[in-house]
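I have placed the structure first, in the form of structure tokens, so that the comments after it can refer back to it.
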Amino acid sequence: MLLFGGIVGFLAAFFLFVGPAAVSLAAAVGTSTVWPFQVFSPVFAIGFAGGLIVQLLVVLLLYALAAIVTPAVQGRVTTNLFEEWCRGALIGINACANFLYAAALYPAIGFLLGAQPGLALALVLAPFYATALGVINFLCVFPGLTRNFAFEATLGWSSWFMPMGWPLHLLGFIVFLIGLIASWFGRPFAALGDWWPGNIARHGWLFNFGRAAFTLGNFTTVSASLRRATPAIVGTGTNVGVGFGTALGIVSHEVGHSMVVAAFGTLFTIVGYIHERIVSLISPAGGGHAYFEFLCEGIRRVSGDSSTPADSNPWIPMWAPPVTLAGTSGANALPLVDATIDGVAVDAGVVVPLTVGTAVDLDASGCSDPDDFPMGNISPGNIPSVRVRWRVTTRPTGSAAAIANATSLTTTFTADVAGAYQITFAVTDGAEGEVHTVDLTAV
Amino acid sequence: MACVIEVAANGEALDSADLATVLLIYGRITSGNCTRVRCRVRLFAGAPVMFSGEADTDSNGTWSCHFPLTVAPLACGTPLWVEAQCISGDNCSVAQTVYMQCKLRPGGGGGNPPGGGNNGGGNGNDDDDGWQWPWPPEIFCPTIGRLFTQTLLISVIALLGGVALLNNAVILGALAAIGACFAVFFGIWTWFCQPHICYVIGAILWVAKRGTIAALVLLVISPNVAMFMAIWGMGTIAGVLTGWLRRRRCPIPSLRTPINQLPVW
């Protein structure tokens, strides 16, 4: 049904609104400097704007229909044929728009970049760009592809060149630039490139408050507190880093937004964002119950895994992360976790009782790496096969308690104030690992 | 003038208990000039010298000393205090703890090492196990792996330069160089050294990442729509390879990892 909807959406867009708009755009661009056709440029520009408005209205209608027939439930959302048809049509419309607008704009871009030689080259390459972008976008109607890591990487990188994503990419770049310039004046700023989807993630000023993350095009912004709250394994070699890991945790949800921008375009994203804001205001469940968010959330969940916890926000299995299921074979085995806090396993899921002023043992000496890779294979020299990091992520007010040696396999922790603590334990084999959070109560 | 010595340790000729009966201390002169190295091995800093030997460096600056462990075989991963000092050439030395690896030779099993005795050996020339190269694999394999990676990077940048200049001759030459790089260096590296698949893909990813950045720089210098395609292509390759590595829980090389720290064997 996705394919059927995609074909209908593409053809409708081609003949009814995107096609005429693209012709107007090409005419406006092509005649804007050629006498005596300048007089027609405003007319063509209005024609393009009109087509864009009609496209927006069609997207709004299809989005509303899809959202109405897809009620929010916790966990995986069961879709129906009508929702799939609407989703396919939205993809088809965006694919048509990317195809036609690229065909109209790339010659102009080529002309701007390099006058005559540039224009000649652009005229040769524009059909290739247009066709490739349109095809890659249209292929999003096939779930087998959208859940394939290689296609997702191709889609993510292609998004940079899709005209329907440019407004959001530009906005995201401006936000990124603001943070970068602010860092020259002492404001906090850090950036990370996620090469898999072709994203750039940053955190710091101006959005370093609360727990939030948002995506504009291929630019993701993560609040600083969010970075601390969702530790993930980052880093290779001898260093275990605790930071915002892409394809893990909440930032992977933002990668889902980037994929949605690529597949559905700016207009859909604007409509979806407005819906999310409305839902967050009127629904106790929050913005995650907007249809728009269902599509993004899926990338955090392993598609087809019926055992995914049902307490997750609603998700539609359109995307999948490039992470293997636990236990399946890969080129590198996960480290085995055998760590305890005062004799209680870190993955036991129980609250560990503490006594103020009494040191408890943090013991990860049982952790090992079954294949001793990659630590055992690093040249030159050989080093212990796992690295660990203990971190106190929550303390009661007035507490300054800290881990005696945060990166040691065996260390101690002493609570100094009564109350609730939380210790995060991370273990890595140099490439992958696990993070466990343990709650403790000191009396 | 000062030189710089890298040093490492490898255990070879494992016995039935998987204990190494031969200790190989090897390394490379990474900068400066040194033609002969003295190596000493202690159990820990300040302990009596267990082994001492001297070895000549080859044209690549690599050297190795072999010591028998038949009396007291060592377990893989044993930390040793190793001192290496240039005794002919520039002035440099290194003294540090290294863990004795037990990287098996390609094809499985440790062959009998060349040379022997407390004075150690030279560069080594081992015909066992079909090993065709004069240098031991612990030295040859990282070198050939990095040679492939560097050559591929240069060829890719040449290709991108050709696209930026819209010069078909440069483009074709670069494509031929890429082909030759894979045919020769990649073929030798993967056939003889059998590096871990994570490292093979990781090396190509490292080149793709740097190629993408180079394409972005070239786009600024020589903007044309063909450079868009170059960035698109390089970035997509990097993205696909990153996803492949992530899916298999492989270590993912950073863009900023220097070539001499890139794990290739």
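Numbers restart at 1 for each chain; the letters A, B, ... are given by sequence-line order, proteins then strands. Quick note: numbers below take in every heavy atom, side chains included, and nothing from hydrogens, waters or symmetry partners.
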Where does A:F151 contact chain B at under 4.5 Å (heavy atoms): side chain, backbone, both or neither? neither
Of the backbone (N, CA, C, O) and the side chain (C-beta and beyond), which part of A:W160 lies under 4.5 Å from a heavy atom of chain B, both, or neither? neither
Report yes or no: is the SG-SG distance between B:C39 and B:C65 under 2.5 Å? yes
Please step through disulfide (SG to SG under 2.5 Å) for the pair B:C92 and B:C34, ending with a clear verdict. CA-CA 9 Å; B:C92 61; B:C34 179; 5.3 Å; no
Winner by heavy-atom pair count (cut-off under 4.5 Å) against chain B, out of A:P197, A:G198, A:A153, A:S158: A:S158
Do the rings of A:Y106 and B:F228 sit parallel, tilted or perpendicular, given the 30° and 60° boundaries? perpendicular
Whether A:F176 and A:F189 hold their rings parallel, tilted or perpendicular, with breakpoints at 30° and 60°: perpendicular
Let me know if B:T97 has heavy atoms under 4.5 Å from chain A in its side chain, its backbone, both or neither. neither
Between B:I231, B:T257, B:L245, B:T236, who has the most heavy-atom pairs with chain A when the cutoff is under 4.5 Å? B:T236
Among B:L241, B:T212, B:L255, which residue forms the greatest number of heavy-atom pairs with chain A at distances under 4.5 Å? B:T212
For the residue pair A:N199 and A:S258, what are the closest heavy atoms and their distance? ND2-OG, 2.8 Å
